[in-house]
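Only one structure is covered here, and it is reproduced in the block below.
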Amino acid sequence: MAKDQHQISLTFPDGNARAYDAGVTPAIVAESISKSLSKKAISATVDGQHWDLQWPIDADAQVAIHTMQDEAQANELVRHDLAHIMARAVQEIWPDTKVTIGPVIENGWYYDFDREEPFTPDDLGLIEKKMKEIINKRDPVTTEVWDRDVAIKYYEDRGEPYKVELIESIPGDEPLRMYWHGDWQDLCRGPHLQHTGQVPGDAFKLMSIAGAYWRGDSDRAMLQRIYGVAFTGKEKLRAHLNMLEEAAKRDHRKLGREMDLFHMQEEAPGQIFWHPNGWNIYTELQDYMRRKQRAGGYVEVNTPQLVNRKLWEESGHWDKYQENMFIVEVDEDHAREKAVNALKPMNCPCHVQIFNQGLKSYRDLPLRMAEFGSCARYEPSGALHGIMRVRGFTQDDGHIFCREDQIEEETAVYIDYLTSVYKDLGFDSFRVKFSDRPEQRAGSDDIWDKAEDALLAATRAAGIEPEMNPGEGAFYGPKLEFVLTDAIGRDWQCGTHQVDFVLPERLDATYIGADGAKHRPVMLHRACLGSFERFIGILIEEHAGKLPFWLAPRQVVVASITSEADDYVAEVVETLRVAGVRAEADIRNEKINYKVREHSVGKVPVILAVGAREVEEKTVSVRRLGEKQTSVQPLADVAAQLGTDATPPDQR
RNA sequence: GCUGCUGUAGCUCAGAGGUAGAGCACUCCCUUGGUAAGGGAGAGGUCGAGAGUUCGAUUCUCUCCAGCAGCACCA
């Protein structure tokens, strides 16, 4: 025994320390503490790192032993073990299937397979059954560290090319860890549970099958991905499935139909037919944004939809963005050549044209130029999604022409502006991603340093620590992305703020400096909502259709209980309209129950029911959406209150 | 764009190789009813489009279009 037998000191969460032989595993540590802990243990945290019970500890460390009660660690292990168990199940059922990778994700995991035959929804049941069998076997989970070449040889022999490639792409030449779930083996960093029986067999569910490119590269093989969700107990699984069901009810596509907001049809894929109700939201939001922009020191402009290719060639879009552009060729009489135009996919080149008219002075900067710019982009068919990702949309676009040393200040001003807009629209918090220099880029590192520093400094000064998105910036400059999530938690970039050194150069934008010489301005591209279409989609889902009163397309329905109240209904509607409220009458020959149900389903925020009593007393019976309680109040009071509610937040 | 799935009445969905059904919505009639569906009758469909197989296709096959989930791409 040449092994190092020195002692190490392990400190536990309660502050107590104990001495162990070096190389002790958390499993042994747990046993030394108590028999029951040893049984319940699933993993450990060693100096902040999630640690397998079988991994040795070689030096003094802070150690915490985890059980299923430790939600974060337990979820990670359960999901990760299930990924392996699922891969084993799939290979047991279809041995010709090749395995690739299977990471833990939010609420579950996925695993990508390569197999000739596509998996069918029925297969999911089969796989789940097999997985439960594996769990019931309580097969031990074991781990070993292998040399690289041994691992590569092993996978080559087994006909697992993806694993070979994976190993070859792992940098360095450190040894690799292998895990076994019973006889089934996978390359894996770990940690894992101790045996398959530790996975709760009733707290997972396979959700869906989808295609996914190997290594996320659309030039490479399309694999089959199976998604699963898993939790530490079946109640939590049930709660999650329940949440998904509830979220589906908030889907803007469903609510858009139910609230009669918009529709889309085959003849115009990715474009929206706004119905009166939906257009009401849109225009109300646009009116609000226009006021905010004015207050924010922007000048509003408007530029052409259809622009000759010459400008797109100069801007660089013809080269870099052509496949996303709608190109329109016009055969003009007597013309020698066809005129080739493109619907604008962005507004920036047009804004530079306005900037370029006349001479600009340094005194004009920063120049904040805004447009509700309608853009058309030929988005890939598979990218379209309701009104959130469309081919025709309108950005609340803006470009700030400024000096390099104004970037930070303008960014700070912008973040402040965006924050107040989001707050007014019901988003008190949002995520910010910071994307820095990509490999392929224009401009010197010196300029990039300054631009990145300026964006980061302004963001942090606003008290926001952005998520880092390394290498994801545009080729012309770094950017901030403001991200909101939809009903089922998918991320959508709404606001954006980007620095651009390139376009002013390409389109030769200049201003005259204090020194009398021409200088190049920097352009900041920014959109706050992003696009009205996407933002309205997010708004609908965020509020489950129950929009803030001032944005609600139908604010009040005044419903008669008996036809004797019809005249009074008209009077109430008129009073509300005068107070600035969108009110409509419902004097149909229907029961009040029926009317209440219909307008509740239609998400009308306020229903005022009036019958003989209200006519007599000049009152209304107020029922707010989502409340069972009603209250009878004087008409004048209700009109005043609703008039206030209907006032946009910036005008209160 | 890629992989898989889907496309039947305005909506949600049944259905079968022999040219279609339900509920809700819609229209009309009865009902005037106090806060989430009162009753009755009626009308409504080239079964996504095109081609093929078949005596016969909405049903089977192929192509296209659109939608859904995911991937890739992106506001």
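Because the structure is predicted, anything quoted here is derived from the model rather than measured. Per chain, numbering begins at 1; letters A, B, ... match sequence-line order. Below, each value reflects all heavy atoms present in this structure, side chains not excepted, and no hydrogens, waters or symmetry copies.
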Candidate nucleotides B:A75, B:C65, B:G70, ranked by approach to the side chain of A:E266 - the nearest: B:C65
Side chain A:Y213 and base B:G70 donor-acceptor under 3.5 Å: no
Enclosure of A:Q265 CD (heavy-atom neighbours >12, cutoff 6.0 Å): yes
Nearest to side-chain heavy atoms of A:S381, which nucleotide of B:G1, B:U35, B:U32: B:G1
Touch class at under 4.0 angstrom, heavy-atom based, for A:R253 against every strand present: sugar-phosphate
P atoms of B:C11 and B:G18, separation to the nearest Å: 27 Å
C1' spacing across the pair B:C60 / B:U54, given as an integer number of angstrom: 10 Å
Any A:R225 side-chain nitrogen or oxygen under 4.0 Å from OP1 or OP2 of B:G4: no
Sugar-phosphate only, base, or nothing, as touched by A:R389 at under 4.0 Å among non-hydrogen atoms: base
Sugar-phosphate, base or nothing in reach of A:T496, heavy atoms under 4.0 Å: nothing
Any A:R623 side-chain nitrogen or oxygen under 4.0 Å from OP1 or OP2 of B:G34: no
Touch class at under 4.0 angstrom, heavy-atom based, for A:P380 against every strand present: base
Per A:S621 side chain, nearest of listed nucleotides B:G38, B:G34, B:U12: B:G34
Under 4.0 angstrom between A:Q493 side-chain N/O and B:A75 OP1 or OP2: yes
Touch class at under 4.0 angstrom, heavy-atom based, for A:Y594 against every strand present: sugar-phosphate
Sugar-phosphate only, base, or nothing, as touched by A:A527 at under 4.0 Å among non-hydrogen atoms: nothing
Touch class at under 4.0 angstrom, heavy-atom based, for A:M388 against every strand present: base
Atom C1', compared across B:A49 and B:A43: separation rounded to whole Å: 27 Å
Base B:U32 paired with A:S563 side chain (donor-acceptor, <3.5 Å): yes
Atom C1', compared across B:G45 and B:U53: separation rounded to whole Å: 26 Å
Gap in Å between the two C1' atoms, one belonging to B:C73 and one to B:U58, rounded: 37 Å
Whole-angstrom distance between B:C74 and B:C47, as gauged at atom C1': 37 Å
A:M222 or A:L384, whichever maps to the more 5' nucleotide of RNA chain B: A:M222
For RNA chain B, stems built from three or more consecutive Watson-Crick or G-U wobble pairs below 3.5 Å: B:1-7 with B:65-71, B:10-13 with B:21-24, B:26-30 with B:38-42, B:48-52 with B:60-64
Strand contacts (RNA chain B) in residues 599-619 of chain A, 4.0 angstrom heavy-atom criterion: A:S600, A:V601, A:A609, A:G611, A:A612, A:R613, A:E614
Inter-nucleotide P distance (B:C5, B:G50), Å rounded: 24 Å
Touch class at under 4.0 angstrom, heavy-atom based, for A:E258 against every strand present: nothing
Sugar-phosphate, base or nothing in reach of A:F535, heavy atoms under 4.0 Å: nothing
A:S218 (side chain) and B:A72 (base): donor-acceptor pair under 3.5 Å: no
Main-chain N/O of A:G296 paired to A:R368 side chain as donor or acceptor, under 3.5 Å: yes
Residue pair A:K479, A:D436: steps toward the salt bridge (charged side-chain N to carboxylate O under 4.0 Å, His left out) verdict: CA-CA 7 Å; A:K479 63 178 174 182; A:D436 62 11; over 6 Å; no
Inter-nucleotide P distance (B:A75, B:U12), Å rounded: 31 Å
Sugar-phosphate, base or nothing in reach of A:G537, heavy atoms under 4.0 Å: nothing
Sugar-phosphate only, base, or nothing, as touched by A:R391 at under 4.0 Å among non-hydrogen atoms: nothing
A:R526 side chain near B:A75 phosphate (N/O to OP1/OP2, under 4.0 Å): no
